[in-house]
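Notes to accompany the following structure.
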Number of protein chains: 2
Amino acid sequence: MRRSKTNGTIASTEEKIKLAARKVFTEKGFAATRTRDIAEAAGINLALLNYYFRSKQKLFDLIMMENVQLFIEAIKNVLDNERLTLNEKVALFVEGYIEMLKKNPDLPLFILQEIRRHPEKFANQLAAKEIFLKSHFFKQLQAASKGRINPVHIVVSMLGLTIFPFIAGLFLQNITNINQVQFDKMMDERKKLIPKWVDTMIKAG
Amino acid sequence: MRRSKTNGTIASTEEKIKLAARKVFTEKGFAATRTRDIAEAAGINLALLNYYFRSKQKLFDLIMMENVQLFIEAIKNVLDNERLTLNEKVALFVEGYIEMLKKNPDLPLFILQEIRRHPEKFANQLAAKEIFLKSHFFKQLQAASKGRINPVHIVVSMLGLTIFPFIAGLFLQNITNINQVQFDKMMDERKKLIPKWVDTMIKAG
DNA sequence: GTCTATAATTCGATAGAC
DNA sequence: GTCTATCGAATTATAGAC
């Protein structure tokens with residue numbers, strides 16, 4: 001059975017299930033998600049979910065992989081581009097992530113939650129250990145901050161300034177009384193602000 | 001039955017269950033936690049848990065309340081103290097939170113996850129909407145940043161710089177190849193760094 | 001208060017008709 | 001491919017002995 005998606009294209013049943021699964025899993029995490037919820041969100045029957053994906057775990061693994069992919073896509077073209085200055089890399093990184101996160105605001109909480117739940121799965125899989133430390137970006141950062149500050153501080157700060165607002169989105173909208181539109185507008189402003197702040201952090205004594 | 005806690009004091013069975021519940025719930029969240037795990041961690045039988053707390057949900061609500069309390073305790077003496085300058089408030093806030101989070105690193109992920117899962121429960125309960133916006137801290141911040149930057153940006157940044165490292169702890173330790181001891185040491189360094197950075201953000205044009 | 005045993009429920013997965 | 005009906009495992013909660 002086929003039915004139109006929001007963008008007017010056609011979604012097969014398999015795609016409909018995957019879309020629903022991505023939404024529900026990312027919102028609630030693995031344990032709190034019931035396959036029945038996914039089936040309902042997809043507008044199909046529970047049996048059909050197992051017909052296409054065999055098990056809840058297999059469907060989840062698929063979604064997880066796609067979500068991790070989103071995170072990697074957003075930076076892989078930046079980290080090792082030797083033609084970009086450090087400031088340019090930071091600016092591109094921040095802009096890319098904010099755009100991605102505006103479309104997928106639940107992603108960071110979902111991924112960090114799953115890493116905490118199953119650290120062993122990510123310990124070697126990502127193997128980002130070396131990829132990141134050996135990146136052109138990190139080398140530039142080391143050179144620029146040498147003798148003043150541990151470059152890891154800068155990386156943590158850049159990530160926190162960019163990602164944290166999305167993790168704490170609802171909480172922040174609550175305590176500061178701003179709505180979704182204002183929130184997105186603020187995130188656009190941060191595309192300019194964060195690179196400036198990061199630059200200051202690197203140069204400060 | 002009574003048995004010694006780590007600090008040498010005596011813990012009643014009820015307290016032992018609460019301690020175990022706090023540990024397991026905070027680590028794994030509501031859905032992924034089995035009451036059996038809590039019972040085992042407490043060294044008691046499953047039936048006893050229900051004898052003391054009636055249901056998993058009631059026990060969870062209790063733990064949740066205590067955890068939220070931890071978050072509020074850490075700031076309530078700072079936000080409205082009219083004898084502190086803005087810089088002093090920031091410094092005390094950052095130091096208090098980092099100390100609290102070093103002891104309870106799972107707390108932010110746990111709380112933000114639950115807020116996302118049940119926004120309605122926190123919408124009015126926290127009611128932090130007004131408490132925060134009307135605080136002496138926020139007024140000082142507005143005055144200090146007037147005309148240059150939206151003070152909400154500063155608040156989000158301060159929170160992100162402080163809290164995000166703990167949320168992403170395992171991930172960061174992975175990609176940067178640092179261990180737990182180095183991580184805690186970095187967080188101590190941030191007690192000095194973050195207030196300096198925040199001050200720069202406020203004053204920058 | 002604490003335990004063992006079990007009832008009651010929820011949920012993932014499958015059988016089988018169409 | 002899709003559905004209804006149901007099984008079986010896991011898990012919360014309770015009954016009842018001590």
Side-chain angles (χ1 to χ4, degrees), chain A residues 1-5 9-67 110 113-114 117-118 121, chain B residues 1-5 9-67 110 113-114 117-118 121:
Chain A
M1 186 193 182
R2 290 165 166 273
R3 195 182 288 172
S4 6
K5 284 199 295 189
T9 62
I10 300 298
S12 69
T13 298
E14 188 172 348
E15 281 165 353
K16 282 197 307 187
I17 297 174
K18 262 174 68 175
L19 283 171
R22 190 158 125 66
K23 175 175 163 54
V24 181
F25 273 136
T26 307
E27 265 178 35
K28 316 218 286 187
F30 180 79
T33 294
R34 301 179 311 153
T35 50
R36 283 169 164 79
D37 295 336
I38 298 175
E40 191 188 354
I44 54 98
N45 187 277
L46 171 58
L48 209 49
L49 185 148
N50 286 303
Y51 171 78
Y52 277 103
F53 297 95
R54 297 281 303 171
S55 77
K56 178 186 179 182
Q57 185 65 53
K58 283 196 167 56
L59 178 53
F60 179 81
D61 290 344
L62 197 70
I63 302 302
M64 184 67 192
M65 244 185 46
E66 288 185 7
N67 278 349
F110 169 82
Q113 181 90 347
E114 293 302 325
R117 199 87 82 230
H118 302 286
K121 277 199 177 178
Chain B
M1 184 194 181
R2 289 164 165 273
R3 195 183 287 171
S4 10
K5 284 199 297 191
T9 62
I10 300 298
S12 68
T13 298
E14 187 173 347
E15 280 165 355
K16 283 196 311 187
I17 298 175
K18 262 174 68 174
L19 283 171
R22 189 159 125 66
K23 176 176 161 55
V24 181
F25 273 137
T26 307
E27 262 178 39
K28 316 216 287 187
F30 180 80
T33 294
R34 301 179 312 151
T35 50
R36 280 167 164 79
D37 296 335
I38 297 175
E40 191 187 355
I44 53 100
N45 188 275
L46 172 59
L48 211 48
L49 187 148
N50 286 303
Y51 171 76
Y52 278 103
F53 297 97
R54 297 281 302 171
S55 76
K56 178 184 179 183
Q57 184 66 54
K58 281 194 168 55
L59 178 53
F60 178 82
D61 290 344
L62 197 71
I63 302 301
M64 184 64 194
M65 243 183 50
E66 288 186 8
N67 278 349
F110 170 82
Q113 181 90 349
E114 292 303 324
R117 197 89 81 236
H118 303 286
K121 277 197 179 179

Next on the checklist: If I take atom CG in residue B:Asp37 and atom C1' in nucleotide D:dA13, what distance separates them, rounded to the nearest angstrom?
Outcome noted: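 Between C1' of D:dA13 and CG of B:Asp37: 16 Å.
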
Item to check | Rounded interatomic separation in angstrom, taking CD from B:Glu40 and C1' from C:dT2 | outcome: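 The distance from CD of B:Glu40 to C1' of C:dT2 comes to 17 Å, rounded to the nearest Å.
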
Item to check | A:Phe110 CZ to A:Met64 CE distance, which is reported to the nearest 0.5 Å | outcome: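 Atom-to-atom, A:Phe110:CZ and A:Met64:CE are 5.0 Å apart.
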
Item to check | N/O donor-acceptor pair under 3.5 Å between A:Lys56 side chain and A:Thr33 backbone | outcome: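 Answer holds: yes.
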
Item to check | Results of side-chain hydrogen bond (donor to acceptor under 3.5 Å, both in side chains) for A:Asn50 - residues two or more places apart only | outcome: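 Once residues adjacent in sequence are excluded, A:Asn50 has no partner under the side-chain hydrogen bond (donor to acceptor under 3.5 Å, both in side chains) criterion.
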
Checklist entry - B:Lys58: what forms a salt bridge (Lys or Arg N to Asp or Glu O under 4.0 Å) with it, not counting sequence neighbours? => result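 Checked B:Lys58 against salt bridge (Lys or Arg N to Asp or Glu O under 4.0 Å); zero matches.
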
Checklist entry - What string of B, S and - do you get for nucleotides 3-15 of chain C, 5' to 3', when a contact is any protein heavy atom under 4.0 Å? => result BB------BBBBB

Checklist entry - Are A:Arg36 and A:Glu40 ion-paired here, with the side-chain N under 4.0 Å from a carboxylate O? => result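 Salt bridge flag = no for A:Glu40 with A:Arg36.
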
